[in-house]
Student: 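One structure, pasted below without further comment.
This chain uses plain numbering: 1 for the first residue, then up along the sequence.
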Amino acid sequence: MTETIVLSLLIIAIAIALLCVKLILKKNGKFSSQHIHDNPGLRKQGIHCVLDQDQEMRTKSKNAVSEKANK
């Protein structure tokens with residue numbers, strides 16, 4: 001039982017150390033943003049965050065409703 005706990009803690013410590021390599025070795029190192037809107041490759045392809053897409057659709061549907069009301 002104790003061996004399992006020690007082994008688990010060792011694996012977790014190694015994983016955390018590997019995740020922090022960029023932070024430790026680079027001057028002013030930081031994690032890159034994982035948000036879709038911060039990724040230039042996805043922006044070039046026209047892929048947006050679901051929140052942005054939802055806002056676009058709500059704006060379009062409000063415009064469609066107001067156009068129908070004006071007719």
Side-chain angles (χ1 to χ4, degrees):
M1 177 75 172
T2 306
E3 293 174 1
T4 305
I5 292 173
V6 170
L7 184 61
S8 299
L9 290 174
L10 182 64
I11 291 172
I12 291 170
I14 291 171
I16 290 173
L18 290 174
L19 286 170
C20 294
V21 166
K22 186 176 180 181
L23 295 175
I24 295 169
L25 296 179
K26 277 191 159 184
K27 185 177 181 181
N28 296 328
K30 61 180 181 177
F31 287 115
S32 57
S33 175
Q34 299 298 315
H35 294 279
I36 291 174
H37 67 270
D38 292 334
N39 189 321
L42 292 175
R43 278 187 289 181
K44 286 180 186 176
Q45 294 178 9
I47 298 173
H48 304 285
C49 174
V50 69
L51 297 174
D52 294 337
Q53 290 176 346
D54 184 52
Q55 185 177 7
E56 282 179 23
M57 294 305 292
R58 288 176 188 265
T59 303
K60 286 180 184 178
S61 62
K62 282 182 185 177
N63 290 340
V65 169
S66 64
E67 287 177 9
K68 286 182 181 180
N70 290 335
K71 288 184 180 181

Student: Does atom CD (Gln55) have a neighbourhood of more than 12 heavy atoms from anything else shown, all under 6.0 Å?
Tutor: no

Student: Run the side chain to side chain contact (heavy atoms under 4.5 Å, CB included) test against Glu3 and tell me which residues pass, sequence neighbours left out.
Tutor: none

Student: What residues form a salt bridge (Lys or Arg N to Asp or Glu O under 4.0 Å) with Asp54, not counting sequence neighbours?
Tutor: Arg58

Student: Which ILVMFWY residues can you reach from Ile12 by hopping between side chains whose heavy atoms are under 4.5 Å apart?
Tutor: Ile16

Student: Would Ile14 and Val6 show up in the same hydrophobic cluster when neighbours are defined by side-chain heavy atoms closer than 4.5 Å?
Tutor: no

Student: Can you sort out the partners of Ile36 under side chain to side chain contact (heavy atoms under 4.5 Å, CB included), two or more places apart, ordered by chain and number?
Tutor: Leu42, Ile47

Student: Quick one: salt bridge (charged side-chain N to carboxylate O under 4.0 Å, His left out) pairs with a partner in residues 39-53, sequence neighbours left out?
Tutor: none

Student: Enter the distance from Cys49:SG to Asp38:CG here, rounded to the nearest 0.5 Å.
Tutor: 10.0 Å

Student: For Ile11, which residues count as a side chain to side chain contact (heavy atoms under 4.5 Å, CB included) partner, sequence neighbours excluded?
Tutor: Leu7

